[in-house]
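I have placed the structure first, in the form of structure tokens, so that the comments after it can refer back to it.
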Amino acid sequence: QSVWGYDSDNGPERWHENYPLAKGDKQSPIEINSKEVQHDSSLSSWHASYDPGAAKTILNNGRTCRVVFDDTFDRSVLRGGPLSGAYRLRQLHLHWGSSDQHGSEHAIDGVKYAAELHMVHWNPKHGNFAGALKQPDGVAVVGIFLKVGNTPKPEMKRILEEIENIKTKGKEAPFQHFDPSILFPKSRDYWTYHGSFTTPPCEECITWILLREPIEVSSDQMAKLRSLSKNAENEPMSPLVDNWRPPQPLKGRIVRASFK
Ligand SMILES: CN[C@H]1CN(c2cccc(OC)c2)S(=O)(=O)c2sc(S(N)(=O)=O)cc21
Ligand SMILES: [Zn+2]
């Protein structure tokens, strides 16, 4: 049976055949319509305290480029905002398009960004990551939009430089002494809603925290990301691009904003 992916024969429209949760009522991503968002003045600001020493490796798994962190204790945590308790940083990864005009998973008033970076955290009160997947408050993902502009964020360089060493599926390289909070934009404004993983198994265990302010990358940096391949070294070249799921039905969910 074909593993899930983003091609016509194994893409988002067919995930539900092997992953029934994909047709749930709290799926992600979503289209955010700022006219329907509810400002919630009770939402506090979120805080990340990350240990740069927790960064371990960067890898190409054929579906994204992922940086993995040591999450065996409360070493790099996210707290505040819509969250109660400290959530442990587990990994970060990206979704991007085949051109600068699309690539993000969430969209804001019809605007899609060139890419979307996800920082995945889980709630240790549920024992381990597998346990957290089964809980509505199990996982928190911070989403940061990447916009192509002419004042690219130098902090993205570190990840993009590493891409040379993980061009093909299965390639992994050490990635240490990295504090991902350098990737945050200036503003802490965010939208938050309850949703799911945007990939199979699509569990609905995620509190999404989407940052309103995109970070800027250059067109060359986006081209670098698009130079990743989804094939293994000895297979025919196939560019790793368009690894994004389209927006899913909101089904009555409320999206809250931390800002007016
Ligand atoms: C394949 N992609 C997922 C991998 N992981 C996962 C998720 C659930 C169960 C699981 O069983 C091992 C692994 S993950 O937690 O790193 C995430 S986060 C995420 S997103 N785009 O919603 O932020 C997708 C995935
Ligand atoms: Zn993601």
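None of the values given here were measured: they were computed from a predicted structure. Just so you know, ligand 1 is whichever comes first in the structure, and atom 1 is the first atom listed for that ligand.
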**Message:** Could you identify the single nearest non-hydrogen protein atom to atom 8 (C) of ligand 1 and state the distance to 0.1 Å?
**Reply:** Phe197 CE1, 3.5 Å

**Complete:** Residue, atom and distance of the protein heavy atom nearest atom 2 (N) of ligand 1 read Thr199 OG1, 3.0 Å

**Complete:** atom 12 (C) of ligand 1 has as its nearest protein heavy atom Phe129 CE2, 4.8 Å

**Message:** Applying side-chain contact (heavy atoms from CB on, under 4.5 Å) to Asp100 and Arg226, what does each step give before you reach the verdict?
**Reply:** CA-CA 10 Å; Asp100 292 351; Arg226 295 190 198 106; 2.5 Å; yes

**Item:** Side-chain H-bond candidate by donor/acceptor type, His47 with Ser45, under 3.5 Å
**Value:** yes

**Prompt:** Salt bridge between Lys224 and Glu164, side-chain N to carboxylate O under 4.0 Å?
**Reply:** yes

**Fill in**
Note: ligand 1 atoms sitting under 4.0 Å from heavy atoms of His95 are 21 (N)

**Request:** Answer yes or no for Arg245: is there a heavy-atom contact with ligand 1 below 4.0 Å?
**Result:** no

**Request:** Have a look at ligand 1 and work out which part of Leu133, if any, has a heavy atom under 4.0 Å from it: side chain, backbone, both or neither.
**Result:** side chain

**Prompt:** Heavy-atom contacts under 4.0 Å between Trp4 and ligand 1: side chain, backbone, both, or neither?
**Reply:** side chain

**Request:** For His121 and Asp71, test the side chains for any donor-to-acceptor distance below 3.5 angstrom and give the result as yes or no.
**Result:** no

**Asked** Is there a donor in the side chain of Asp220 and an acceptor in the side chain of Ser218, or the other way round, less than 3.5 Å apart?
**Response** no

**Request:** Consider only side-chain N and O atoms of Glu233 and Thr168, and report whether a donor and an acceptor are under 3.5 Å apart.
**Result:** no

**Prompt:** Partners of Glu235 by side-chain contact (heavy atoms from CB on, under 4.5 Å), sequence neighbours excluded?
**Reply:** Asn231, Ala232

**Asked** For ligand 1, is there an atom lying under 4.0 Å from some heavy atom of Arg90?
**Response** no

**Arg63 and ligand 1 - part of the residue with a heavy-atom distance under 4.0 Å** = neither

**Item:** Any Trp208 heavy atom less than 4.0 Å to ligand 1
**Value:** yes

**Asked** What part of Thr198 sits under 4.0 Å from ligand 1 if we count only heavy atoms: the side chain, the backbone, both or neither?
**Response** both

**Message:** Is there a continuous path of hydrophobic side-chain contacts, each under 4.5 Å between heavy atoms, that joins Leu250 to Trp208?
**Reply:** yes

**Message:** Heavy-atom count check: over 12 atoms from other residues, nucleotides or ligands less than 6.0 Å from Lys167 NZ?
**Reply:** yes

**Asked** Would you say the side-chain atoms of Gln248 pair up with the backbone N or O of Pro246, donor to acceptor, closer than 3.5 Å?
**Response** yes

**Request:** For a salt bridge (Lys or Arg N to Asp or Glu O under 4.0 Å) with Asp70, tell me which candidate from Lys56, Arg88, Arg75, Arg90 qualifies.
**Result:** Arg75

**Request:** May I ask you to identify the nearest protein heavy atom to atom 5 (N) of ligand 1, giving residue, atom name and distance to one decimal place in Å?
**Result:** Arg66 NH2, 4.2 Å

**Item:** Enumerated ligand 1 atoms positioned under 4.0 Å from heavy atoms of Gln91
**Value:** 14 (S), 16 (O), 17 (C)

**Request:** Could you see which bit of Trp122 sits under 4.0 Å from ligand 1, with heavy atoms only: side chain, backbone, both or neither?
**Result:** neither

**Complete:** At under 4.0 Å between heavy atoms, what of Pro201 touches ligand 1? The answer is side chain

**Message:** Checking ring pair (Phe, Tyr, Trp, His ring centres under 6.0 Å) between His106 and each of Trp244, Trp191, Tyr193, Tyr113, which is the one that passes?
**Reply:** Tyr193

**Asked** Is any NZ, NE, NH1 or NH2 atom of the basic residue among Asp7 and Arg14 found under 4.0 Å from an Asp or Glu carboxylate oxygen of the other?
**Response** no

**Asked** What is the total of protein N/O/S atoms that are closer to the Zn ion (ligand 2) than 2.8 Å?
**Response** 3

